[in-house]
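This report concerns only the one structure given below.
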2 protein chains.
Amino acid sequence: MARVRISDVAAAAGVSTSTVSLVLNDRPGSRISEETRARVREAAAAVGYTPNSIARGLRMQRTRTLGLISDVIATTPFAGRMLAGAQDAAREHGHLIFLVNTDADPEVERDAIRALVDQQVDAMIYASMWHRVVETPDGLPERSVFLDCRPASGGHPAVVPDDLAGGRAAVRELVAAGHRRIAFADAEKVNPPVASGLRYQAYLEVLAEAGITPDPAWHIRGVDSTAASGRAATERFLDLPGDRRPTAIFCFNDRMAAGAYVAARHRGLEIPADLSVVGYDDQQLVAGELDPPLTTIALPHYEMGRWATEVALGAREPPASDQPYLMPCPIIRRDSVSSPPAAAANSSRRRA
Amino acid sequence: MARVRISDVAAAAGVSTSTVSLVLNDRPGSRISEETRARVREAAAAVGYTPNSIARGLRMQRTRTLGLISDVIATTPFAGRMLAGAQDAAREHGHLIFLVNTDADPEVERDAIRALVDQQVDAMIYASMWHRVVETPDGLPERSVFLDCRPASGGHPAVVPDDLAGGRAAVRELVAAGHRRIAFADAEKVNPPVASGLRYQAYLEVLAEAGITPDPAWHIRGVDSTAASGRAATERFLDLPGDRRPTAIFCFNDRMAAGAYVAARHRGLEIPADLSVVGYDDQQLVAGELDPPLTTIALPHYEMGRWATEVALGAREPPASDQPYLMPCPIIRRDSVSSPPAAAANSSRRRA
DNA sequence: AGGATTCGATCAATCGATTTAGCAGGCTCA
DNA sequence: TGAGCCTGCTAAATCGATTGATCGAATCCT
């Protein structure tokens, strides 16, 4: 039951191991007769030979192996899509992926990087579960790509979601439906504020381009970004006097949108008839199974995973600028947006 | 910038590579003076030496590497916990994990197994995203463990959730709250019916032990196991005449329970006052963010991932019986269960 | 004093592949 | 006919570690 080695093939074909290697790897420029080639290939197939990747890795100094190191990515529902993208790209290029989860523990991270470097991975992908700025960890090899995070000091290719464009799409969807009083249920403040900051910026931009003066009461930060926070923010929005009360809410993410649903329902408000809602993330189990299904902006995790892997493998050129590549976030239209209630539309028009 | 090799350490310490290896690996029985040991260790630290795992793997025939092969696990929200368990166990034992996702494609699976075997993984974990029976794939090495699935023909250790005990706990929770008319919103039929079959069996057992004769109308299978199916089933339950209408529903999973919530709400029913609901899976983003939070049975993914990895690494003995190890599923009590409405309790008592 | 031990460290083989230099034999051509 | 050139294949070095065999010097024992 021992593994078949190249020498077994050589013996079976009556040639040297050199010949077997030359033939099986189809090395151009090697002068082996067609007859011998056939014999070697038959022998290899007969004994069921597959090369030992470890031995080959040692000799070639290339392991066809990738390290994917992440904070808590693998334990979040997004992670799957990111990993799937990375996996698919890796498989297409004949690579295998080492997955390591550090749980954001710096010591675990350090050990993991070292272990992966010792494994001679051809490249490394440093992934985050949410779009943020990270310090480049020590020991990260030259061939590293940042996934869903931007290295504070640059120097490595990186890919992040285009939160600015995505945020614009979300708010424009509401403006296009006729809303004028649009709130933003924002997440907690983090530093530096990447996703949140960009989505807020997008919110302000689109309001400005629609000629709407934002009411400061329309922007509330949660203590976190859970449904509870979304609910709390929405309750405060709905407490606003009639002519300032939003007819639509852009939520930092789908979970907060789920909270907005709860708050609306508790007031007897129908979505979207009485209140339109747009989320962000397209978190399947939240957005898709809400009632009514939530219109949201998808985070392109699969595409980012793929991009990072292809760049890591040298199959795709990163942008020359040293700026992160911005992956588009498509809007997913479901049933949580409609035109504002007539009364609100009137009152808004009155105000304008 | 080239990697530091053992020979660099040897040169720096003025000894042979053998000595370095002996010292750094602390091989018992090797006779190296304490003075030389110190010199070697200093030299190693000074030049920043870490052994090349590939070279060591080739020589030792042990790579401290594990293959984790799964169908669609990495793209489901459970996956994270399973991976986290596997990761943690692997890290504790100094191992790295190759993660491969086959998307249930047999060809991809075959290639993946071969690639992992070629990488000389020390052991393999074959994981499924849901508890089911699988054929043992060709080429799987001796040292393989099945995770969240049972091999049809045995021969390998396996770990699955104890769906029978979990199902009993769920239904007993409802019985203990005083319910007598308890429905089971089941998933679609699959063959062989593992999770669904066991949970249904548990349902029947607990009803029997409570002296309740199950009404056949209380068991409905969905076309799948989504919220839509849960909603459809619940609507049919609620259409039952008053004295046969369930006061509590055990749902195959949390998504179906989310559907039950929607159906109840559309009838103006309060949960849990008018209808108690228990789910299964403890899918965080569903169960935890429903309103009211859902009482459910947790699937022990983390623990199973850990168990499988520890067995794969030989750090834990699998059961001698060749039967899958049954991992307990704890009940997570939240707010979706209360005693039945007074009227229903009366009518039920009348029937009894 | 001289053979046997012990001590401390090294030599060289090994893991399983890839790759370069080179060897033997046949052919060409002046 | 013999130098030069192909053709077809192989020997041996190499990647970077581990490890059983071995070796010189010091020590022990009678």
Side-chain angles (χ1 to χ4, degrees), chain A residues 2-41 43-44 47-65 94 114-115 117-122, chain B residues 2-41 43-44 47-65 94 114-115 117-122:
Chain A
R3 270 189 70 93
V4 176
R5 292 162 318 220
I6 194 171
S7 59
D8 299 320
V9 179
V15 296
S16 72
T17 60
S18 320
T19 304
V20 175
S21 175
L22 260 14
V23 170
L24 295 185
N25 292 308
D26 245 335
R27 290 226 86 215
S30 59
R31 297 166 313 192
I32 312 283
S33 70
E34 202 41 64
E35 189 194 348
T36 306
R37 285 177 189 277
R39 199 146 38 85
V40 167
R41 279 194 262 262
V47 299
Y49 171 70
T50 56
N52 179 318
S53 304
I54 297 295
R56 174 182 273 178
L58 177 59
R59 177 63 228 248
M60 309 245 278
Q61 303 290 81
R62 272 192 78 226
T63 53
R64 304 186 78 77
T65 266
R114 186 161 51 206
V117 169
D118 289 346
Q119 284 288 347
Q120 306 261 81
V121 294
D122 292 341
Chain B
R3 269 189 71 91
V4 176
R5 290 161 320 214
I6 195 171
S7 58
D8 298 321
V9 179
V15 296
S16 71
T17 61
S18 320
T19 304
V20 176
S21 175
L22 261 14
V23 170
L24 295 185
N25 292 308
D26 243 336
R27 286 225 91 215
S30 59
R31 297 168 312 191
I32 311 285
S33 70
E34 202 42 62
E35 188 195 348
T36 305
R37 285 177 188 279
R39 199 145 39 84
V40 167
R41 279 194 262 263
V47 299
Y49 170 70
T50 56
N52 180 319
S53 303
I54 297 295
R56 173 183 273 178
L58 176 60
R59 177 63 230 249
M60 309 247 276
Q61 303 290 82
R62 272 193 77 226
T63 53
R64 304 185 79 76
T65 266
R114 186 161 50 207
V117 168
D118 290 346
Q119 284 287 348
Q120 305 263 80
V121 293
D122 292 340

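All chains are named by letter (A, B, ...) in the order of the sequence lines, taking the proteins before the strands, and each is independently numbered beginning at 1.
A search for side-chain hydrogen bond (donor to acceptor under 3.5 Å, both in side chains) contacts involving B:Asp8 returns B:Arg5, not counting sequence neighbours. For the side-chain hydrogen bond (donor to acceptor under 3.5 Å, both in side chains) test, residues two or more places apart in sequence or in another chain that qualify with A:Arg56 are A:Asn25. Listed by chain and number, the residues in a side chain to side chain contact (heavy atoms under 4.5 Å, CB included) with B:Glu35 are B:Ser33 (sequence neighbours excluded). The side-chain hydrogen bond (donor to acceptor under 3.5 Å, both in side chains) test applied to B:Ser16 returns B:Thr19, not counting sequence neighbours. Evaluation of the side chain to side chain contact (heavy atoms under 4.5 Å, CB included) rule for A:Thr17 yields A:Ile6, A:Ser7, A:Ala10 as partners, not counting sequence neighbours. Listed by chain and residue number, nothing satisfies the side-chain hydrogen bond (donor to acceptor under 3.5 Å, both in side chains) test with B:Asn52 (two or more places apart in sequence, or in another chain). Among residues two or more places apart in sequence or in another chain, the salt bridge (charged side-chain N to carboxylate O under 4.0 Å, His left out) test is passed with B:Arg27 by none.
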Heavy-atom protein contacts under 4.0 Å, nucleotides 13-25 of chain D, coded B base, S sugar-phosphate only, - none: BBBBBBB------
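Between B:Ile32 atom CD1 and C:dT6 atom P the separation is 18 Å, expressed in whole Å.
Residue-level contact check: B:Ser30 touches neither bases nor backbone, having no heavy atom under 4.0 Å from any strand.
B:Arg37 places a side-chain N or O within donor-acceptor distance of the main-chain N or O of B:Ile32, the cut-off being under 3.5 Å.
Taking the C1' atoms of five terminal pairs at each end of the helix from C:dA1-D:dT30 to C:dA30-D:dT1, the two resulting helix axes are inclined by 70°, rounded to 10°.
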